[in-house]
Participant: 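Here it is: the structure, laid out below.
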Amino acid sequence: MVASGPAGGDAPRVRFAPSPTGFFHVGSARTALFNWLFAKRAGGTFVLRIEDTDEERNREEWIDGIVSAMSWLGMAPDEGPYRQSDRVGDHRAAADRLWAAGAVYACDCTRQAVEERIRGNEVPGYDGYCRDRGIEPGPGRALRFRVPDDGATVVHDLVRGQVAFPNAAIEDFVVMKSTGQPLFVLANVVDDMAMGITHVIRGEDLLPSTPKAILLWGALARSGGPAGLPAFAHLPMLVNEQRKKLSKRRDPVAVESYRDRGFLPEAFVNYLGLLGWSPPGGQEIVPLADMVRAFRLEDVNHAPAFFDVTKLTHMNGEYIRALPAEEFVARCAPWTTGPLAPWPADRFDEQVFLQVAPLVQERVSTLDEVPAMVDFLFLAEPLVDAAAWAAVGGDELAAGLLAAAVDIYQQVEWTAEALHQATLRLAESSGRKLGKAQVPIRVAVTGRRVGPPLFESMVALGRVAVLARLRAAQERLSSP
Ligand code: GLU
C-alpha cells in the first residue's frame with residue numbers, strides 16, 4: 001500500500017497551480033486564498049505555478065488575468081509565477097527515469113483500438129494490452145504507468161480523512177503522450193517535487209487524480225527523487241443555488257467581473273474565505289489579517305459551498321459603509337473620474353461628491369451603482385427617468401407644488417434642515433405628507449425617484465441649479 005501523509009519538518013511550501021484556460025474562476029480564487037492563508041499562518045511560502053502545457057487552450061491574457069486578480073485580492077505569490085511549459089525538459093527526464101526503472105511501458109494502441117477492445121469491460125479504462133508486449137518507446141508511442149494490480153492507494157486528506165482507491169480500479173494511465181508531450185499528472189508531480197511542495201491544497205475535482213500522483217511520486221522517489229510525499233487537502237466544490245457545480249456558462253464566475261462591478265477586494269476575499277471554512281466564532285465579517293490568524297485546514301468542511309451572490313453583494317455593501325468617506329471617494333474613482341463616468345470630466349467636483357458620500361455609502365451595494373446616485377450633481381441637466389416623469393405628469397398638484405417650491409427656496413437658508421422645514425410647511429399647505437410632496441421636487445431636481453436624501457442633495461447641488469431645474473420642470477409640465 002502506498003499512502004500519503006502530512007510532511008513534517010520546516011515551514012510549509014504550498015502552490016497555487018491554475019491552468020490558464022479561461023477567466024479567473026471564483027473557485028480557483030478560493031483555492032488560491034486557502035493556500036495563501038495556510039502559508040501565511042505558518043510562516044511558509046506561497047508559490048504561483050502556471051500550468052500552461054495545454055497549448056491549444058492557454059492564452060497569455062488569462063495568465064495576466066490570474067496575476068492581476070491575485071494582486072487585487074491581496075494574495076500576491078512569494079515565488080513565481082513559474083511556467084510549467086518552461087520545465088518540459090524536466091518532465092521528459094522524469095519520464096526517462098520511470099522508463100529506466102520499469103515503472104512505465106510503451107504503448108502504441110490507437111484510441112479507437114482501445115475503445116473497441118474495452119467496450120463492455122467491467123473495469124473502465126485502458127486494459128493493459130501493451131503491458132507485456134515489450135515494445136520500445138519512440139515516436140507515436142505513449143508511456144503508460146504500470147499500476148499495481150492489487151492493494152489500494154490511500155490519500156490521507158487533511159480535509160476528507162482517509163480516501164482509499166483500490167489499485168485494480170486505476171487504469172494504466174498515460175504519463176507521456178504519443179507526441180512526446182508530458183501529461184498533466186506527470187508534470188504536476190515532477191514540479192511539486194522540484195519545488196519542494198509540502199502541502200497540495202486544491203479543489204476536490206482533482207481528488208480522483210491524486211492516487212495517480214501518489215503512485216508516480218513513489219516511483220519517482222524510488223528512482224532518485226525526494227522521498228517525502230506532500231500532504232493533501234481537497235477543498236469542497238462551489239455550487240450554485242440549485243446545488244449544481246458552478247458553471248462558466250450559467251453562473252457569474254469570473255473574478256474580473258466582480259472587480260469591474262465595483263466589489264471591494266477586501267469584501268470579496270472575506271466572502272471567498274467563508275466558502276468551505278468559517279472562523280471558530282462563526283462571525284462573517286472577517287478581515288484578511290484575522291483570517292490568517294484563525295485559518296486551519298482541519299476546519300475546512302466537506303460539504304459543497306454555496307456561492308451566494310446575494311450574500312456576497314450584501315457583504316460588499318457592509319464593507320462600503322465601513323469605509324471612511326474620503327476612502328470611499330477614492331475607491332469610486334474608476335466610476336467618477338475615468339471613462340466610466342457618465343458626465344464630462346470637467347464637471348466632476350470631488351468636494352461635492354465628498355459632501356454626499358456618506359449618504360451614498362448607505363445606499364449602494366456595489367460601486368458601479370454610484371454614478372446613478374449622483375449624476376444629477378455633475379450633469380448639466382438631470383437625466384430624467386421616463387417612469388419618474390410620467391408619475392409627475394400624472395399628478396395634478398405637481399405644477400403648483402413646484403411653483404410654490406421655487407418661491408420658498410428662493411429665500412430659505414440653504415441648509416438641509418431649513419430646506420426640510422420649509423418643504424414640510426409646503427407639504428402641509430398642500431394637504432400632503434412630506435414624502436409625497438417631495439416626489440415632484442426630487443424628480444425635477446435629480447431626474448429620479450430614488451437617490452440620496454433630497455435636502456442634502458439640494459444643498460450639494462446649490463440654490464441656482466435647484467431653482468433652474470424646478471422652473472424647467474414646471475415649464476415642461478405646463479407645455480402641452
Ligand atoms: N492545473 C490544475 C488545474 O487547474 C490544478 C493542479 C493542482 O492544483 O494540482 O486544474
Side-chain angles (χ1 to χ4, degrees), residues 4 7 12-39 44-60 62-67 69-70 75 77 79-88 90-91 94 153 155-160 163 165 173 175 181-217 220 229-238 245-248 253-255 272 276 297 300:
S4 76
R13 285 175 62 82
V14 296
R15 86 297 193 278
F16 171 52
S19 303
T21 55
F23 284 116
F24 190 39
H25 190 287
V26 291
S28 301
R30 193 278 314 262
T31 297
L33 173 63
F34 282 19
N35 274 283
W36 185 89
L37 289 170
F38 180 76
T45 304
F46 173 58
V47 175
L48 173 59
R49 182 173 78 227
I50 305 289
E51 301 211 318
D52 59 344
T53 47
D54 185 345
E55 278 164 21
E56 275 157 37
R57 295 176 63 220
N58 293 322
R59 278 208 245 143
E60 211 50 41
W62 305 136
I63 301 180
D64 296 344
I66 293 169
V67 172
M70 284 174 66
M75 46 186 194
E79 276 181 33
Y82 297 118
R83 301 265 189 140
Q84 190 155 65
S85 57
D86 290 340
R87 303 186 26 76
V88 173
D90 280 29
H91 308 146
T153 302
V155 184
H156 291 278
D157 193 275
L158 293 175
V159 173
R160 313 189 64 82
V163 192
F165 294 84
F173 54 93
V175 299
Q181 270 299 106
L183 245 89
F184 154 74
V185 67
L186 176 68
N188 186 262
V189 167
V190 169
D191 288 356
D192 282 346
M193 273 186 159
M195 294 176 187
I197 298 305
T198 58
H199 294 73
V200 170
I201 305 167
R202 58 187 180 182
E204 196 192 314
D205 51 330
L206 288 157
L207 182 59
S209 77
T210 303
K212 298 177 186 171
I214 291 172
L215 289 167
L216 265 176
W217 198 288
L220 286 166
L229 255 186
F232 288 93
H234 287 91
L235 308 175
M237 290 284 95
L238 303 191
K245 198 177 149 198
L246 283 191
S247 124
K248 279 189 195 171
V253 295
V255 174
L272 283 182
L297 282 172
V300 172

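One-based numbering, in listed order, for ligands and for the atoms of each. Heavy atoms only: backbone and side chains are in, while hydrogens, waters and symmetry mates are out.
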Participant: Got the residues with a heavy atom under 4.0 Å of ligand 1, by chain and number?
Facilitator: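 For ligand 1, the residues that come within the 4.0 Å heavy-atom cutoff are R15, A17, P18, S19, E51, F184, N188, R202, L206.
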
Participant: Between the main-chain N or O of S19 and the side-chain N or O of N58, is there a donor-acceptor pair closer than 3.5 Å?
Facilitator: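 Flag not set: sc N58 to bb S19 has no pair under 3.5 Å.
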
Participant: Salt bridge or not for R83 and E60, using N-O below 4.0 Å?
Facilitator: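 Between E60 and R83 there is a salt bridge, with a charged N closer than 4.0 Å to a carboxylate O.
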
Participant: Taking only residues two or more places apart in sequence or in another chain, which ones pass salt bridge (charged side-chain N to carboxylate O under 4.0 Å, His left out) with R87?
Facilitator: D90, D191

Participant: Give a yes or no on whether the backbone of H234 and the side-chain of D157 come within a donor-acceptor separation of less than 3.5 Å.
Facilitator: yes

Participant: Does S209 reach the side chain of F173, with side-chain heavy atoms less than 4.5 Å apart?
Facilitator: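 Result no, sub-4.5 Å side-chain heavy-atom pair not found.
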
Participant: Please name the pair of heavy atoms, one in N35 and one in I201, separated by the smallest distance, quoted to 0.1 Å.
Facilitator: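 That closest heavy-atom pairing would be ND2-O, 2.9 Å.
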
